[in-house]
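As structure tokens, the structure follows; a few thoughts come after it.
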Amino acid sequence: MHTKAFIFDYGGTLDTRGNHWGKVIWKAYQEQGVPVSEEQFREAYVYAERTLGRNPIVRPSYTFKLTLDVKLRLQLEYLSGHLFDGSDSNTFKKLHQRLLFHLYEQVQQTVGESREVLSQLYGRFPMALVSNFYGNVHTVLQEMQLDSFFSPVIESAVVGIRKPDPQIFLLAVEALQEAYHAATGGQLLPQEITIVGDSMAKDIVPARTLGCQTVWFKGEGWTDKQEDESIPDHIITSLEEILQLGCLVV
């Protein structure tokens, strides 16, 4: 069935070319010569994510750059016993800033590519965004010049529902349906809405339970698990491939 509206994931989809953020940061550690093992890094990554999940450290006003700054600081503090002498604050700061500059520059380039694709869809298709985020996704969208593309924006920290719960996607589906009916007087069916995401478990599977079409942005996952590629309706390895999908119709 033809697509009449889109729902996009943010993190891992629009900012890292389908790659899990853990993998992206680990590659930056390697490129910057951080002397820790992948196992040590993974422990630090999980520690930082759980800390941010449990504590309201990230404020709604935080940009992505500031959020990334906090993530890296938490990771490096966790790893400090492997990396730094307790008094070596200067080395800590330099490594922190190198990683932050490298990763933020990389994200800006990737989001620029995504912005170009979204600009070609904008005006032709209503687009919503659904994200597991920290309460600051609106600030991040403004920072990345993506805020004009999406309505509604559904964020887990705001609505109190997290992926993979299909209910968070249902909020976006219902909002798109209401807007479509108000604009055209017609009905927008779930199967006429395409959900685009990088996570099979958190994006594609719950979208399927709602009857939506699905596009899996296949990148490098957190684990080496082989996903069932028969589940999504479409598989892409670059966002611009969306523009060539046969399901698109104005």
Distance alone, cut at 3.5 Å: any donor-acceptor contact between the side chains of Thr110 and Glu113? no
Please assess Lys218 against Glu227 for the test salt bridge (charged side-chain N to carboxylate O under 4.0 Å, His left out), listing each intermediate value before the final yes or no. CA-CA 10 Å; Lys218 181 180 179 181; Glu227 301 288 2; over 6 Å; no
Heavy atoms only: give me the nearest Phe169-Pro206 pair and the separation to one decimal. CE1-CG, 3.9 Å
side-chain contact (heavy atoms from CB on, under 4.5 Å) for Lys71 and Leu52? Distances and angles first, verdict last. CA-CA 8 Å; Lys71 283 175 179 273; Leu52 292 174; 3.6 Å; yes
Within the structure provided, determine whether Ser156 and Ile161 are in side-chain contact (heavy-atom separation under 4.5 Å). no
To the nearest 0.5 angstrom, please state how far the OG1 atom of Thr209 sits from the CD1 atom of Ile204. 11.5 Å
Just wondering, are more than 12 heavy atoms of other shown residues or ligands nearer than 6.0 Å to CZ in Arg50? no
Side chains of Leu68 and Leu72 in contact at under 4.5 Å (non-hydrogen atoms): yes
Ala157 versus Gly135, closest heavy-atom pair with distance: CB-N, 3.5 Å
Could you check whether any side-chain N or O of Asn55 sits under 3.5 Å from a backbone N or O of Thr51, counting only pairs where one atom can act as donor and the other as acceptor? yes
Quick one: do Ser80 and Glu77 satisfy side-chain hydrogen bond (donor to acceptor under 3.5 Å, both in side chains)? Show the steps, please. CA-CA 5 Å; Ser80 60; Glu77 286 175 351; over 6 Å; no
Above 12 or not: heavy atoms from other molecules or residues under 6.0 Å from CD of Glu31? yes
Indicate whether any N or O donor in one side chain lies under 3.5 Å from an N or O acceptor in the other, for Ser199 and Asp9. no
Using side-chain heavy atoms (C-beta onward) and a distance below 4.5 Å, is Met200 in contact with Pro232? yes
Look at Glu38 together with Lys23 and state whether they make a salt bridge at an N to O cut-off of under 4.0 Å. yes
Phe149 and Arg115, any side-chain heavy atoms less than 4.5 Å apart: yes
Is there any salt bridge (charged side-chain N to carboxylate O under 4.0 Å, His left out) pair reaching into residues 205-214, and which pairs are they, with sequence neighbours excluded? Arg208-Asp233
May I ask whether Leu103 and Leu14 are part of the same hydrophobic cluster, defined by side-chain heavy atoms of I, L, V, M, F, W, Y residues being less than 4.5 angstrom apart, directly or through others? yes
Would you compute the distance between atom CD1 of Ile195 and atom OG1 of Thr13 and round it to the nearest 0.5 angstrom? 11.5 Å
Report yes if the side chains of Phe125 and Lys4 come closer than 4.5 Å at any heavy-atom pair, otherwise no. no
Interatomic distance, Thr194 atom OG1 to Gln213 atom CD [nearest 0.5 angstrom]: 4.0 Å
Find out if a path of hydrophobic residues (ILVMFWY) with successive side-chain heavy-atom gaps under 4.5 Å connects Val173 to Phe6. no
Do any N or O atoms from the side chain of Asp15 and from the backbone of Gly12 form a donor-acceptor pair under 3.5 angstrom? yes
Tell me, do Leu243 and Leu121 make a side-chain contact under 4.5 Å, heavy atoms counted? yes
Applying side-chain contact (heavy atoms from CB on, under 4.5 Å) to Tyr62 and Val70, what does each step give before you reach the verdict? CA-CA 10 Å; Tyr62 277 26; Val70 171; 4.2 Å; yes
Write down the atom of Pro60, the atom of Asn136, and the distance for their closest heavy-atom approach. O-CB, 3.5 Å
For Glu143, check salt bridge (Lys or Arg N to Asp or Glu O under 4.0 Å) against everything at least two apart and list the hits. none
Would Phe133 and Trp222 show up in the same hydrophobic cluster when neighbours are defined by side-chain heavy atoms closer than 4.5 Å? yes
Determine whether Leu118 and Val153 fall in the same hydrophobic cluster, where Ile, Leu, Val, Met, Phe, Trp and Tyr are linked whenever their side-chain heavy atoms lie under 4.5 Å apart. yes
Before we go on, tell me: are the rings of Trp21 and Phe64 under 6.0 Å apart, centre to centre? yes
Non-hydrogen side-chain atoms of Lys65 and Phe101 separated by less than 4.5 Å: no
Using only atom types and a distance under 3.5 Å, with no angle test, would you say the side chain of Arg98 pairs donor to acceptor with the backbone of Gln32? yes
Identify the two heavy atoms, one from Ala48 and one from Leu74, that lie closest to each other, and give their separation to 0.1 Å. CB-CB, 3.8 Å
Go through the steps for His138 and Asp147 under the test side-chain contact (heavy atoms from CB on, under 4.5 Å), then give the verdict. CA-CA 7 Å; His138 283 278; Asp147 53 305; over 6 Å; no
By side-chain hydrogen bond (donor to acceptor under 3.5 Å, both in side chains) - contacts of Lys27 (at least two apart): Glu220
Atom CG of Asn19 and atom CD1 of Ile25: how far apart are they, to the nearest 0.5 Å? 12.0 Å
Nearest heavy-atom contact between Ile7 and Ala172 is CD1-CB, 3.7 Å
Any non-hydrogen side-chain atom of Asp69 less than 4.5 Å from a side-chain atom of His96? yes
What one should report as the nearest heavy-atom pair of Pro164 and Lys202 is CB-CA, 3.9 Å
Looking only at side-chain N and O atoms, does Glu105 offer a donor or acceptor that is under 3.5 Å from a partner on Gln109? no
Nearest-0.5 Å distance, NE2 of residue His234 to CD1 of residue Ile242: 10.0 Å
When you compare the side chains of Gln75 and Tyr29, does any donor N or O come within less than 3.5 Å of an acceptor on the partner? yes
Between Thr3 and Ala5, is there a donor-acceptor pair closer than 3.5 Å when you use the side chain of the first and the backbone of the second? no
Could you grab the distance from atom CD of Gln97 to atom CG of Leu95, nearest 0.5 Å is fine? 10.0 Å
Any side-chain to backbone donor/acceptor pair from Asp198 onto Phe217? Under 3.5 Å, distance only. no
Can a donor-acceptor pair be found between the side chains of His2 and Glu192 at a distance below 3.5 Å? no
Check whether more than 12 heavy atoms from other residues, nucleotides or ligands sit under 6.0 Å from atom NZ of Lys163, and answer yes or no. yes
Centres of the Tyr47 and Tyr45 rings: under 6.0 Å? no
Linking I/L/V/M/F/W/Y whenever any side-chain heavy atoms sit under 4.5 Å apart, do Leu171 and Phe150 land together? no
Is a donor on one side and an acceptor on the other found under 3.5 Å between the side chain of His181 and the backbone of Gln187? no
How far apart are the C-alpha atoms of Ser114 and Phe8, what are their side-chain angles, what is the distance that settles it, and do they pass the side-chain contact (heavy atoms from CB on, under 4.5 Å) test? CA-CA 11 Å; Ser114 298; Phe8 282 89; over 6 Å; no
